[in-house]
Amino acid sequence: MATKAQHLKALKAKHSSLTRVVNGVSETLSDSEFNATIDQWATNSAATDARNELIANGGASADYASFRTDRMVDGSYPSVPDQLDMLFHDITNGKLGKTGSWYKAVKATKDKFTKPE
Amino acid sequence: MGLTLIKALTASGSASLAFVDGASDVVFDNTYNEYQFHFVNIHAATDESAFGFQVNATDDAGGGYDTSPITSTHFKAEHNEAGAGGGLGYTGGNDQAQGTAYQRFTNSQQIDTDEAFSGTLTIYDPSSTTYVKHFTATGNYVHHSGHYSQNIFVAGYINDTTAIDEISFKMESGNIDEGTIYMYGVS
């Protein structure tokens with residue numbers, strides 16, 4: 001996982017200048033605009049790295065609720081149809097408690113993405 | 001309904017693309033009550049980045065696209081190339097509540113050479129000095145996580161009763177590698 005400082009260094013090595021297109025005209029960003037843009041990119045890339053680290057290994061995050069519910073996130077809650085199917089089988093098997101598949105699946109997500117204390 | 005092409009902008013390793021009223025034949029005022037922006041193959045230079053837009057109001061001409069508050073919603077339908085993951089989902093990380101950041105269309109775009117984002121954005125009555133500015137957008141892109149087709153639905157309003165006449169599009173990280181945005185007036 002790269003830090004913001006590492007991203008900054010890499011981005012400045014990659015880009016000596018940046019351009020934007022306004023109404024079809026290409027303009028070079030001023031020094032202050034260049035630095036602000038590179039800083040923003042580094043901040044966002046570091047945040048992406050941190051998010052990926054959480055998705056891979058779990059942990060506490062203020063965004064724990066979105067991690068738990070975003071189905072693109074590995075380890076998020078199963079889909080509602082899948083949860084209902086788990087409940088059906090748990091009831092059928094007399095396991096509507098902490099040993100049931102639904103409880104275990106939901107608990108696994110809650111345990112992976114935790115609320116900060 | 002008729003569409004009048006106002007301007008097409010093509011990215012080529014560009015940090016941002018912007019349409020500004022009053023220059024180079026661009027109108028973004030009361031000439032039309034409705035404007036559409038069509039995105040064709042917006043390809044990001046940086047993996048897992050997000051593509052979005054923000055505006056400047058007329059009292060912030062030439063500003064940094066960072067003062068207009070947006071309240072929005074964002075949901076998606078998705079399905080991957082392995083035939084799995086079909087479903088609908090609200091994406092709380094992509095909405096805003098009076099936020100001034102660029103409003104995301106996508107997030108975590110995949111950047112394989114054949115993968116990009118295409119879609120449309122409609123903004124209604126941008127020159128109104130009475131009403132907030134509503135917008136709706138939809139499109140499709142390839143999500144980084146396992147080659148998902150992700151069909152996005154974004155809507156909201158720019159909570160500003162000052163006219164808006166400048167709009168900017170960019171990735172949250174890195175350049176827009178390639179892609180074209182067509183601006184239309186709707187009559």
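Per chain, numbering begins at 1; letters A, B, ... match sequence-line order. Remember, predicted model here, so these are calculated numbers, not experimental data.
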Non-hydrogen atoms of chain A under 4.5 Å away: do they reach the side chain of [X], the backbone, both or neither?
{"X": "B/V20", "answer": "both"}
{"X": "B/L17", "answer": "both"}
{"X": "B/M171", "answer": "backbone"}

Are [X] and [Y] grouped together when hydrophobic residues (ILVMFWY) are joined by side-chain heavy atoms under 4.5 angstrom apart?
{"X": "B/L121", "Y": "A/V21", "result": "yes"}
{"X": "B/L88", "Y": "A/V73", "result": "no"}
{"X": "B/V142", "Y": "B/I42", "result": "no"}
{"X": "B/L5", "Y": "B/V40", "result": "yes"}
{"X": "B/F51", "Y": "A/M72", "result": "no"}

Below 3.5 Å only, please: all the donor-acceptor pairs between chain B and chain A, one per line.
from   : atom 1 : to    : atom 2 : distance (Å)
B/A15  : N      : A/T19 : O      : 2.7
B/S16  : O      : A/V21 : N      : 2.9
B/A18  : N      : A/V21 : O      : 2.8
B/A18  : O      : A/N23 : N      : 2.9
B/V20  : N      : A/N23 : OD1    : 2.8
B/V20  : O      : A/N23 : ND2    : 2.9
B/A23  : O      : A/N23 : ND2    : 3.1
B/E48  : OE1    : A/N52 : ND2    : 3.1
B/E48  : OE2    : A/N52 : ND2    : 3.0
B/K76  : NZ     : A/D70 : OD1    : 3.0
B/S145 : OG     : A/M72 : O      : 3.4
B/K170 : NZ     : A/Q40 : OE1    : 2.7
B/E172 : O      : A/N44 : ND2    : 2.7
B/S173 : OG     : A/W41 : O      : 3.4

- Heavy atoms only, distances under 4.5 angstrom: which of B/G89, B/G93, B/A23 has the most pairs with chain A? Name it, please. B/A23
